[in-house]
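Read the structure below first, then the notes.
Here the structure is a predicted model, which is why all the values come from computation and not from measurement. First listed ligand is number 1; within each ligand, the first listed atom is number 1.
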Amino acid sequence: MSKVIQAHDLKFKPFIEAAAIAEAVQKMGSALKVEYQDKNPLFICVLNGAFVFAADLLRACDFPCEVAFVRLASYQGSSSTGKVTTIFGLDVPLKNRHVIVVEDIVDSGLTLSHFLKELTALQPASLKLAVLLIKPEALQVDIRPEYFGFEIPNEFVVGYGLDYDGLCRNLPAIYIKTDEN
Ligand code: IMP
């Protein structure tokens with residue numbers, strides 16, 4: 001992977017390479033198949049950050065499934081505000097559906113905890129989480145994704161859909177904040 005990159009005022013260095021992400025996503029697709037191949041599950045992709053992960057994960061799921069997209073605004077800059085606003089765009093009935101929420105990263109967990117409560121009220125048949133990255137040290141609520149790719153330290157990361165104030169979503173790998181040059 002290439003060297004340190006700059007986005008706005010911060011520098012980031014390579015952290016998880018594209019091949020390792022691809023392998024983790026394929027594994028997750030195979031594990032999901034075991035549980036969901038006969039259930040036509042509904043994946044709910046949490047925009048914006050999960051769009052790259054969801055696109056790859058769905059194609060790693062070799063069984064009938066559907067996808068919907070929502071937006072939750074709760075994060076600004078490089079530290080969580082803990083502020084959660086409305087869910088936008090959920091236009092599919094969830095009642096009696098097997099639902100899998102697809103999220104890029106669990107940091108404090110506050111965003112997902114709020115969202116999961118709202119989803120539970122819509123009475124899905126089951127509700128699980130597929131997350132690419134977890135920061136266990138940053139968790140403020142009891143959220144344990146049934147499916148996850150990598151546990152990472154409590155540092156800011158970008159790439160593969162994750163941004164720093166709009167930049168870096170297009171990077172094919174994950175980069176981590178650094179002070180190095
Ligand atoms: P939480 O509510 O603190 O778990 O934050 C969840 C949301 O914050 C994620 O869906 C991301 O959009 C954003 N986020 C948390 N950590 C990072 C990070 O390290 N890089 C980029 N975005 C992050």
Short list, please: which atoms of ligand 1 are under 4.0 Å from a heavy atom of [X]?
| X | result |
| --- | --- |
| Asp163 | 21 (C) |
| Leu162 | 21 (C), 22 (N) |
| Thr111 | 1 (P), 2 (O), 5 (O), 6 (C) |
| Glu103 | 10 (O) |

N/O of Val157 under 3.5 Å from N/O of ligand 1, yes or no? yes

Ligand 1 N/O within reach of Phe156 N/O, cut-off under 3.5 Å: no

I'd like to check Val106 versus Leu129 (side-chain heavy atoms, cut-off strictly below 4.5 Å). Are they in contact? no

Less than 4.5 Å apart, any side-chain heavy atom of Leu122 and any of Val99? no

Give me the ring orientation class for Tyr36 and Tyr147: parallel if the planes are under 30° apart, tilted from 30 to 60°, perpendicular past 60°. tilted

Check the orientation of Tyr164 and His8. Use parallel for under 30°, tilted for 30 to 60°, and perpendicular for over 60°. perpendicular

Evaluating non-hydrogen atoms only, which member of Lys177, Glu155, Lys135 is closest to atom 17 (C) of ligand 1? Lys135

Least distance between heavy atoms, Gly149 atom then Ala24 atom: CA-CB, 4.4 Å

What are the two closest heavy atoms between Val67 and Cys45, and how far apart are they? CG2-CB, 4.5 Å

Please determine which of Leu127, Leu112, Val70 meets the side chain to side chain contact (heavy atoms under 4.5 Å, CB included) test together with Leu119. Leu127

Hey, is Asp104 one of the residues with a heavy atom under 4.0 angstrom from ligand 1? yes

Can Ser108 be said to touch ligand 1, with heavy atoms closer than 4.0 Å? yes

